[in-house]
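Take a look at the structure set out below.
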There are 2 protein chains.
Amino acid sequence: MCGDSNPWLDATQQRAWRRVAAVIQLLPGALDAPLQRETQLSLFSYMVLAMLSEAPGHTRRMTDLASLTNASLSRLSHVVRRLEAAGWVSRQPSPDDRRATQAVLTPAGWDKVVDAAPVHARSVRELIIDRLSDEQLAQFAEVCQIILDALPCDDRLTALRSPLADRAAP
Amino acid sequence: MCGDSNPWLDATQQRAWRRVAAVIQLLPGALDAPLQRETQLSLFSYMVLAMLSEAPGHTRRMTDLASLTNASLSRLSHVVRRLEAAGWVSRQPSPDDRRATQAVLTPAGWDKVVDAAPVHARSVRELIIDRLSDEQLAQFAEVCQIILDALPCDDRLTALRSPLADRAAP
DNA sequence: GCCATTCGATTGACGCTTCAAGCATGGTCG
DNA sequence: CGACCATGCTTGAAGCGTCAATCGAATGGC
């Protein structure tokens, strides 16, 4: 009657999986909420602006931006349209490749990301970094990297496999 | 706690965060895809059916089900409506509390979850468990627990803070 | 007993993501 | 060249989740 639905995971694996499941389900929302509330920016929109703010000339091709933000090109295109409507980003054709579009951070967009960055950083600290020891954080990061390497090769995560251009403040 | 004067993240923290961000962004989709493709079931729908399959009488109150699946009651309600339309679940008023609704797994729903379980288990193994050593998995689970404990108290995660009724294979 | 409050659940509208086309440009090879 | 396919990006429709509003039922205070 009450048979188990995961016949191939043992108790330890099951427990681990359920915690992982809970985290990947709840953490995005928990990170989104403060940003949304205090800056009217979704986590993803913030990421887009942040990646632009780190780029030379505050400019990136849509494809590169999609890679950096782990998004499909389609998703990015929709979001950039909204960001453009809000005045934070503008689009211009690439001089190199006439198929390509470049997204450019506007001055207003720069102000916005500067406003939002501390809110975002605070969430990341409060929910993750400050809760873990240095060693735990390092282990966590390594496990995440291993999992990323195992993900099926969608075109949207090529950038994740190579080292990121990590920078601190925008 | 939050008293750090530097509002930004340093390079190490930044790198760790970006990996975590990538995982919580990409892992859900990677786990969803095979299930969706091979069983026409989203990960969340599968979770709902699985939690019902483990319940005594294959029955749970909506609120309990929402806790177990880390979902809002609203989300669960929508999903259960679809599952009911598909014939996997039926709803009935609770005899104990006339406000409450009980979701019950139908025989067809049982068959469905039995079909889907191996697909799900395979994904979890391939993407997570098999990639990590026992020690890494244990560390990962512990970090996830710490993060869950730190999440702001939404009503949808009460069950996560207390030990889950973890069950393994029969 | 009565009123206010809380609880359990549902619903509809809205916003966002995905999916499947679609279109133009760029590269490749005969 | 010219046919052909890959690349870069956009678009519209459909599906799903969130939010706010709602409603009946239970609970607590007086």
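Below, chain A is the first sequence line, B the second, and so on; all start at residue 1. Computed from a predicted model, the values in this text were never measured in an experiment.
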* **Positions of residues 75-86 of chain B (non-hydrogen atom under 4.0 Å from DNA chain D), listed by number** => B:Arg75, B:His78, B:Val79, B:Arg82
* To do: Nearest whole angstrom, please: distance from the C1' of C:dG15 to the CD of A:Gln40.
  => 15 Å
* Atom CG of A:Leu26 to atom P of D:dG17: distance rounded to whole Å? -> 14 Å
* Using the test side-chain contact (heavy atoms from CB on, under 4.5 Å), find all partners of B:Ala141 that sit at least two apart in sequence or belong to another chain. => A:Ala16, A:Arg19
* Tell whether A:Ser72 reaches the base of C:dC19 with its side chain through a donor-acceptor pair below 3.5 angstrom. => no
* Structure fact -> With sequence neighbours left out, the residues meeting salt bridge (charged side-chain N to carboxylate O under 4.0 Å, His left out) with B:Arg131 are none
* Short side-chain N/O contact to D:dT10 OP1/OP2 from A:Thr101, under 4.0 Å -> yes
* To do: Using whole Å, report how far CG of A:Asp64 lies from P of D:dG8.
  => 9 Å
* For atom CG of A:Leu73 and atom P of C:dA20, their distance in whole Å -> 16 Å
* Test item: A:Asp32 side-chain N/O and A:Ser42 main-chain N/O as donor-acceptor pair under 3.5 Å -> no
* Structure fact -> With sequence neighbours left out, the residues meeting salt bridge (charged side-chain N to carboxylate O under 4.0 Å, His left out) with A:Asp97 are A:Arg99
* Report yes if at least one side-chain N or O of B:Arg98 is closer than 4.0 Å to OP1 or OP2 of D:dG24; otherwise report no. => no
* Near DNA chain D, under 4.0 Å by heavy atom, which residues of residues 88-97 of chain B? -> B:Asp97
* Euclidean distance, atom CD of residue B:Gln36 to atom C1' of C:dT17 [Å, nearest integer] -> 13 Å
* Do B:Ser74 and D:dC19 have a side chain to base donor-acceptor pair shorter than 3.5 Å? -> yes
* Using modelled atom types only, decide if a donor and an acceptor are shared between the side chain of B:Ser77 and the backbone of B:Ser74 within a distance under 3.5 Å. => no
* Structure fact -> For residues 68-91 of chain B, the ring-ring contact (aromatic ring centres under 6.0 Å, His included) pairs (sequence neighbours left out) are none
* Measure the distance from CG on B:Asn70 to P on D:dT18 and round it to the nearest whole Å. => 11 Å
* **Nucleotide C:dT17, atom P - distance to CG of A:Leu43 in whole Å** => 11 Å
* Who are the side-chain hydrogen bond (donor to acceptor under 3.5 Å, both in side chains) partners of B:Asp115, not counting sequence neighbours? -> none
* Can you tell me the distance, in whole Å, between the CZ atom of B:Arg61 and the C1' atom of D:dA26? => 11 Å
* Partners of A:Glu38 by side-chain contact (heavy atoms from CB on, under 4.5 Å), sequence neighbours excluded? -> A:Pro34, A:Val119, A:Arg122
* Structure fact -> Comparing A:Arg99 with A:Phe44, nearest DNA chain C nucleotide closer to 5' gives the residue A:Phe44
* **Partner residues of A:Ala103 under the side-chain contact (heavy atoms from CB on, under 4.5 Å) criterion, sequence neighbours left out** => A:Leu52, A:Met62, A:Leu65, A:Val89
